[in-house]
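Report on the structure given below.
Worth saying up front: this structure is predicted, and the values here are computed from it rather than measured.
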Amino acid sequence: RAPAGSAPMSKWRARLSQFIIVLAVYMAASELKRIFDDLQAERDRKRRREYELRMRVEPRDDWKEVELAAYDGRDVETPVLLAIDGQVFNVSRARDLYGVGGCYEALAGCDATRLLAKGILDPSEDNEE
């Protein structure tokens, strides 16, 4: 027979054991999530590096506007370039803005100096003045 007062003590121990088990499960699940998130982040970094290497264009000073036309964002395997005042910029990271259907689509693959200076995004609005 159990001594008087031991029932509340065993109830307390049972709850403490349950708490420890729940805490251990939570900690294990948290660690597994952290490992999964780290693996996912590494995969994302690798994909981003591969994309940046594919979209890399060696800097040069002798770009012609006809050459830029090939980099207008229509081909997803080529970078998106735009020229402003003689400087060529790779805007591939913002393909959603400068590529097909983007709000700055008219600036890609050409010398955008005049359009930007006039504050227009549609070449048909340029009245050549």
*Would Gln40 and Arg43 satisfy side chain to side chain donor-acceptor pair (under 3.5 Å), going step by step from the backbone distance to the final call?*
CA-CA 5 Å; Gln40 185 66 36; Arg43 275 186 292 222; 3.1 Å; yes
_Checking Arg48 against Asp44 for the salt bridge (charged side-chain N to carboxylate O under 4.0 Å, His left out) test, could you report, in this order, the C-alpha distance in whole Å, the side-chain angles of both residues, the deciding distance, and whether it holds?_
CA-CA 6 Å; Arg48 194 172 29 253; Asp44 291 345; over 6 Å; no
*Go through the steps to decide whether Arg93 and Met55 satisfy the test side-chain contact (heavy atoms from CB on, under 4.5 Å), and finish with yes or no.*
CA-CA 9 Å; Arg93 285 188 176 193; Met55 295 298 123; over 6 Å; no
*Residues Glu50, Leu53; criterion side-chain contact (heavy atoms from CB on, under 4.5 Å); working and verdict*: CA-CA 5 Å; Glu50 289 170 356; Leu53 287 174; 5.7 Å; no
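Distance check: Ile35 CD1 to Ser30 OG gives 11.0 Å after rounding to the nearest 0.5 Å. Within the model, atoms CD1 of Ile20 and CD of Gln18 stand 11.0 Å from one another, a figure rounded to the nearest 0.5 Å. From Lys118, atom NZ reaches atom CZ of Arg114 across 4.5 Å, with rounding to the nearest 0.5 Å.
Around the CD atom of Glu125, the shell of radius 6.0 Å holds more than 12 heavy atoms that belong to other residues, nucleotides or ligands. Enclosure of atom CZ in Arg54 by more than 12 non-hydrogen atoms of other residues, nucleotides or ligands within 6.0 angstrom is indicated.
A salt bridge between Arg60 and Glu58 is absent, with no side-chain N of the basic residue lying under 4.0 Å from a carboxylate O of the acidic one. A salt bridge between Glu52 and Arg47 is absent, with no side-chain N of the basic residue lying under 4.0 Å from a carboxylate O of the acidic one. A salt bridge between Glu67 and Lys64 is absent, with no side-chain N of the basic residue lying under 4.0 Å from a carboxylate O of the acidic one. Between Glu42 and Arg49 there is a salt bridge, with a side-chain nitrogen of the basic residue lying less than 4.0 Å from a carboxylate oxygen of the acidic one.
Both Ile120 and Leu107 belong to a common hydrophobic cluster when Ile, Leu, Val, Met, Phe, Trp and Tyr are linked at side-chain heavy-atom distances under 4.5 angstrom. Clustering ILVMFWY residues whenever any of their side-chain heavy atoms sit less than 4.5 angstrom apart, transitively, puts Val91 in a cluster other than the one holding Trp63.
Annotation for Tyr51 and Ser92: closest pair OH-O, 3.1 Å, computed over non-hydrogen atoms. A pairwise comparison of heavy atoms in Val57 and Pro79 identifies CG2-CG, 3.2 Å as the closest pair. Between Leu81 and Leu68, the shortest heavy-atom contact is CB-CD2, 4.0 Å. Here the shortest heavy-atom pairing between Leu82 and Ala108 reads CB-CA, 4.3 Å. For the pair Asp38 and Arg34, the tightest heavy-atom approach, listed with the atom from each and the gap, is OD2-NH1, 2.7 Å. Leu115 and Ala106 make their closest contact through CD1-O, 4.1 Å (heavy atoms, listed as atom of the first residue, atom of the second, distance).
The backbone N or O of Gly101 sits less than 3.5 Å from a side-chain atom of Glu105, completing a donor-acceptor pair. No donor-acceptor pair closer than 3.5 Å links the side chain of Asp111 to the backbone N or O of Gly86.
Partner of Tyr98 under the ring pair (Phe, Tyr, Trp, His ring centres under 6.0 Å) criterion, chosen from Phe89, Tyr71, Tyr104: Tyr104.
The shortest distance between side-chain heavy atoms of Cys103 and Leu97 falls below 4.5 Å.
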